[in-house]
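Data first, discussion second: the structure below is written as structure tokens.
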Amino acid sequence: MELFWYIAIGIVLTVFFVLDGYDFGAGIIHLFFAKTEKDKEVITKSAGLFWDSNEVWLVAAGGMLFMAFPTFYASVFSGFYLPLIIVLWLIIFRAIGLEFRGQFKYDMWKAIWDKSFGLSSLLLALFFGIALGNIVRGVNLGSVENGVSVHEEHYFFLPLWNSSFSPLTDHPGVIDWFTIIIGVIAVVTLAIHGANWIILKTNSSINLKLKGVIFKLNIVLAVLTVFSLYVWQLVNPTSLDNFIHKPYLMVFPIIYLIGVIGLFFIKKIKKDGHAFMLSTLIIVGGITSSLASLFPVILPSINNVNGHLTIYNTSASTYGLSVAMIWGIIGFSLLLVYFIVQKRLTAGKIDHMDYGH
């Protein structure tokens, strides 16, 4: 039962980053490349028509975590309290940037909310990448000091950063040089994904230019990926053990690799949907590879006093998981219906669709 919920939550989170990821990416592209009012309006619309339905998947993932792995939920929501509050404010400012932009036809008003949308999208991508970096790096569970656990074995609290800015200390912060690398990878990946989404859903005048941008960003992504694998070994020398002992898990890095290699041919790809699928493979492959490298651990401990948090020692009771199964199926069915209806209503190019704010 624990494995089922782990896979289900992993799928829902992956779907969230694929769907809301193109919203983040569209915001990044809007911030740096949209120059004319027509392009700004249509790129804003490419995110604005979808963001609220896409974020339902994040709410669903949070609810499923609470039902299935309450100890893990309690641990990370207290330990990562500061970055979670920052993410919450960024989500708010991204939403009001999209919704307020069209309320008045004043250039200064639009410029303010354009920056709100773009910067919030950029920082959200960065912080979600940093969050993944913290998960694969691990935390000081129990706040161990001199070999003694100060708190309960599942408790921790991280400052935003420490004085050394290093992931190799006994008390790392949320932000260090390793998590920043993972955060930058997330920004580049979602910028690529957002550019592909804009090309797929709009007739923006910068679509042709965006293919060149995707190609250059893909080179950066490939270099950063190789570099991150090297530094990951420094931070966690056992990070690749699962792939060595369970070779079938290599399917997930291969998915990532297919996406990266495929996008080097972005200028030759005729169908916009194919390019979007390749950036989707990068996101799916990246998230699933990270989860596969940790399994069954969901939050590593960097000390030798308290063990890792796993899907087995943080799960609800068997009865709780069985009850969650019933409500999970009902909730997921409603979510799927909502998703299908929304996507059918917004099928095709969205340039001339009304975004009523």
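Keep in mind that the numbers below use all heavy atoms, side chains included, and drop hydrogens, waters and symmetry copies.
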query = Is there a donor in the side chain of Asp176 and an acceptor in the side chain of Ser166, or the other way round, less than 3.5 Å apart?
reply = no
ask   = Can you check whether Val174 reaches Thr179 side chain to side chain, under 4.5 Å on heavy atoms?
value = no
Phe156 and Phe80: CA distance, side-chain angles, deciding distance, ring-ring contact (aromatic ring centres under 6.0 Å, His included) verdict = CA-CA 8 Å; Phe156 70 97; Phe80 295 132; 5.1 Å; yes
Separation between CD1 of Ile330 and CE of Met325, rounded to the nearest 0.5 Å = 12.5 Å
message = Just checking Met277: does its CE atom have more than 12 heavy atoms from other residues, nucleotides or ligands closer to it than 6.0 angstrom?
response = no
message = Any donor-acceptor pair under 3.5 Å linking the side-chain atoms of Thr314 with those of His154?
response = no
request  = Taking Thr288 for its side chain and Val284 for its backbone only, find out whether a donor-acceptor pair lies under 3.5 Å.
outcome  = yes
query = Do Phe178 and Ser228 touch side chain to side chain, with heavy atoms closer than 4.5 Å?
reply = no
task = Return yes if a side-chain donor-acceptor contact under 3.5 Å exists between Ser279 and Asn196, otherwise no.
result = yes
query = Would a 4.5 Å heavy-atom cut-off, applied to side chains only, mark Ile199 and Lys211 as touching?
reply = yes
ask   = Quick one: is the NZ or CZ of Lys209 closer than 6.0 Å to the six-membered ring centre of Phe33, and within 45° of its axis?
value = no
inquiry  = I'd like to know if the side chain of Asn306 and the backbone of Leu141 have a donor-acceptor N/O pair within less than 3.5 Å.
reply    = yes
query = Under a 4.0 Å N-O cut-off, is there an ion pair linking Glu41 with Lys110?
reply = no
query = Given the side-chain rings of Phe93 and Phe117, with only the six-membered ring counted for Trp, is the space between their centroids under 6.0 Å?
reply = no
inquiry  = Within this structure, what is the OG1-CD1 distance for the pair Thr36 and Ile206, rounded to the nearest 0.5 Å?
reply    = 7.5 Å
ask   = Are the aromatic rings of Trp57 and Phe17 close, with centres under 6.0 Å apart?
value = no
key: Short side-chain to backbone donor-acceptor contact, Asp272 and Leu200, under 3.5 Å   = no
query = Is it true that Phe77 and Tyr73 have ring centroids separated by less than 6.0 Å?
reply = yes
request  = Decide if the gap between the ring center of His193 and the ring center of Phe276 is smaller than 6.0 angstrom.
outcome  = yes
query = If we only count heavy atoms from C-beta on, is the Ile130 to Ile180 side-chain gap below 4.5 Å?
reply = yes
ask   = Taking C-beta and beyond as the side chain, do Leu90 and Ser120 meet within less than 4.5 Å on heavy atoms?
value = yes
remark   = Only one of Val220, Leu124, Leu122 passes side chain to side chain contact (heavy atoms under 4.5 Å, CB included) with Val187, and that residue is Leu122
ask   = In terms of side-chain geometry, is the basic nitrogen of Lys45 or Glu99 positioned less than 4.0 Å from the acidic oxygen of its partner?
value = no
message = Regarding Arg94 and Asp20, does a basic nitrogen lie under 4.0 Å from an acidic carboxylate oxygen?
response = yes
message = Using side-chain heavy atoms (C-beta onward) and a distance below 4.5 Å, is Ser301 in contact with Val139?
response = no
task = Check whether any side-chain N or O of Ser289 sits under 3.5 Å from a backbone N or O of Gly286 as a donor-acceptor pair, and report yes or no.
result = no
query = Is a donor on one side and an acceptor on the other found under 3.5 Å between the side chain of Ser46 and the backbone of Ile43?
reply = yes
Cluster check Leu84, Ile92: I/L/V/M/F/W/Y, side chain < 4.5 angstrom = yes
query = Side-chain donor-acceptor pair under 3.5 Å between Thr225 and Tyr256, yes or no?
reply = yes
task = Give the ring-plane orientation class for Trp113 versus Trp109, where under 30° counts as parallel, over 60° as perpendicular and anything between as tilted.
result = perpendicular
inquiry  = Pairing donors with acceptors under 3.5 angstrom, does anything connect the side chains of Asn303 and Asp170?
reply    = no
key: Side-chain donor or acceptor of Asp114 paired with backbone N/O of Leu31 under 3.5 Å   = no
query = Does Phe50 offer a backbone N or O that forms a donor-acceptor pair with the side chain of Asn54 under 3.5 Å?
reply = yes
key: Nearest-0.5 Å distance that lies between atom CG in Leu158 and atom OG in Ser78   = 9.5 Å
query = For Thr238, which of Asp241, Asn242, Asn236 qualifies under side chain to side chain donor-acceptor pair (under 3.5 Å)?
reply = Asn236
request  = Find the distance between OG1 (Thr310) and CZ (Phe69) and round it off to the nearest 0.5 Å.
outcome  = 9.0 Å
query = Mind checking whether Leu190 and Ile283 have side chains closer than 4.5 Å, heavy atoms only?
reply = yes
query = Do Thr169 and Asn162 have side-chain atoms, one donor and one acceptor, less than 3.5 Å apart?
reply = yes
ask   = Are Phe104 and Ile112 grouped together when hydrophobic residues (ILVMFWY) are joined by side-chain heavy atoms under 4.5 angstrom apart?
value = yes
message = Quick check: is Tyr230 connected to Ile181 through a chain of hydrophobic side chains (ILVMFWY, heavy atoms under 4.5 Å apart)?
response = yes
